[in-house]
Amino acid sequence: LAHFAARLEGRLPLVGIGGIASAQDALTKIEAGATAVQLYSALVYEGLSLGARIAQDLDAMMTQRGITNVLDLRGAKTKALAAPLD
Ligand SMILES: Cc1cc2nc3c(=O)[nH]c(=O)nc-3n(C[C@H](O)[C@H](O)[C@H](O)COP(=O)(O)O)c2cc1C
């Protein structure tokens with residue numbers, strides 16, 4: 001995802017999918033360049049309240065880092081990958 005995001009440079013929205021069960025998992029996808037995240041399995045195991053919990057925990061993580069806009073996190077880990085692969 002991070003390599004893809006680095007090469008797209010924001011020209012297309014990317015959805016981070018697979019293995020998301022916590023705010024940390026969502027944060028990892030967002031830092032890798034995801035515009036949105038999607039989850040399924042964890043929702044089945046933990047129930048519909050998981051979405052709200054992830055949003056709340058993500059909010060707390062942002063407060064801890066002094067960030068108010070989630071866009072400030074997006075792609076934070078892609079910059080080092082911006083060099084073309086080919
Ligand atoms: C029971 C189940 C059914 C799914 N059905 C579809 C489907 O019909 N089409 C699709 O594109 N993805 C389908 N998916 C994939 C999910 O939409 C999603 O991409 C994936 O489960 C995300 O990873 P996660 O389960 O680790 O959160 C399904 C996943 C599960 C667990």
Side-chain angles (χ1 to χ4, degrees):
L1 179 66
H3 282 284
F4 204 41
R7 300 200 73 185
L8 281 169
E9 296 172 338
R11 282 169 296 187
L12 282 177
L14 294 173
V15 183
I17 299 170
I20 299 174
S22 68
Q24 180 56 58
D25 298 332
L27 177 65
T28 301
K29 302 280 194 221
I30 294 165
E31 286 180 334
T35 309
V37 294
Q38 172 184 322
L39 58 155
Y40 193 151
S41 301
L43 213 55
V44 172
Y45 289 113
E46 300 199 33
L48 291 176
S49 60
L50 180 62
R53 202 154 71 242
I54 287 177
Q56 246 170 24
D57 292 349
L58 196 56
D59 199 43
M61 289 162 105
M62 286 168 54
T63 302
Q64 245 173 21
R65 290 159 193 237
I67 292 170
T68 54
N69 189 335
V70 74
L71 292 179
D72 292 338
L73 294 172
R74 190 168 87 204
K77 299 270 168 77
T78 62
K79 288 169 183 76
L81 302 170
L85 296 175
D86 51 6

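Sequential numbering from 1 along the given sequence is applied to the chain's residues. Each ligand, and each atom within it, is numbered from 1 in the order the structure gives. The figures here come from the full heavy-atom set of this structure, side chains too, leaving out hydrogens, waters and symmetry mates.
Close contacts of ligand 1 with Gly18, meaning ligand atoms under 4.0 Å from a residue heavy atom, involve 22 (C), 23 (O), 26 (O). In the vicinity of Leu39, heavy-atom distances shorter than 4.0 Å reach the ligand 1 atoms 27 (O). Counting the atoms of ligand 1 from 1 in the order shown, those under 4.0 Å from a heavy atom of Gln38 are 16 (C), 17 (O), 18 (C), 19 (O).
Residue Ile30 is grouped with residue Met61 when hydrophobic side chains (ILVMFWY) are merged at heavy-atom distances under 4.5 angstrom, including chains of intermediate members. There is no path of hydrophobic side-chain contacts, each under 4.5 Å, that joins Val44 to Ile54. Criterion: ILVMFWY side-chain heavy atoms under 4.5 Å apart, direct or through other members. Under it, Leu43 and Ile20 are part of a common hydrophobic cluster. Linking ILVMFWY residues whenever their side-chain heavy atoms come closer than 4.5 Å, directly or via other members, leaves Leu58 and Leu71 in distinct clusters.
Distance check on atom 22 (C) of ligand 1: some protein heavy atom falls below the 4.0 Å cut-off. Less than 4.0 angstrom separates atom 9 (N) of ligand 1 from none of the non-hydrogen atoms of the protein. Note that atom 6 (C) of ligand 1 has no protein non-hydrogen atoms nearby, at separations under 4.0 angstrom. Protein heavy atoms are found inside the 4.0 Å sphere centred on atom 29 (C) of ligand 1.
At the shortest separation from atom 25 (O) of ligand 1 among protein heavy atoms lies Ser41 OG, 2.5 Å. Of the protein's non-hydrogen atoms, the one nearest atom 20 (C) of ligand 1 is Ile17 CG2, 4.0 Å. The protein atom (non-hydrogen) at minimum distance from atom 15 (C) of ligand 1 is Tyr40 CD1, 4.5 Å.
The shell of residues lying under 4.0 angstrom from ligand 1, judged by heavy atoms, includes Gly19.
Atom-to-atom distance recorded for Thr28:OG1 and Lys77:NZ is 7.0 Å, nearest 0.5 angstrom.
Side-chain contact check for Glu46 versus Leu39: every heavy-atom pair is 4.5 Å or farther apart.
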Next on the checklist: Using side chain to side chain donor-acceptor pair (under 3.5 Å), reason through Asp25 and Ser22 one step at a time and then give a plain yes or no.
Outcome noted: CA-CA 5 Å; Asp25 298 332; Ser22 68; 3.1 Å; yes

Checklist entry - What's the verdict on side-chain contact (heavy atoms from CB on, under 4.5 Å) for Asp59 and Gln56, showing C-alpha distance, side-chain angles and the deciding distance? => result CA-CA 5 Å; Asp59 199 43; Gln56 246 170 24; 5.6 Å; no

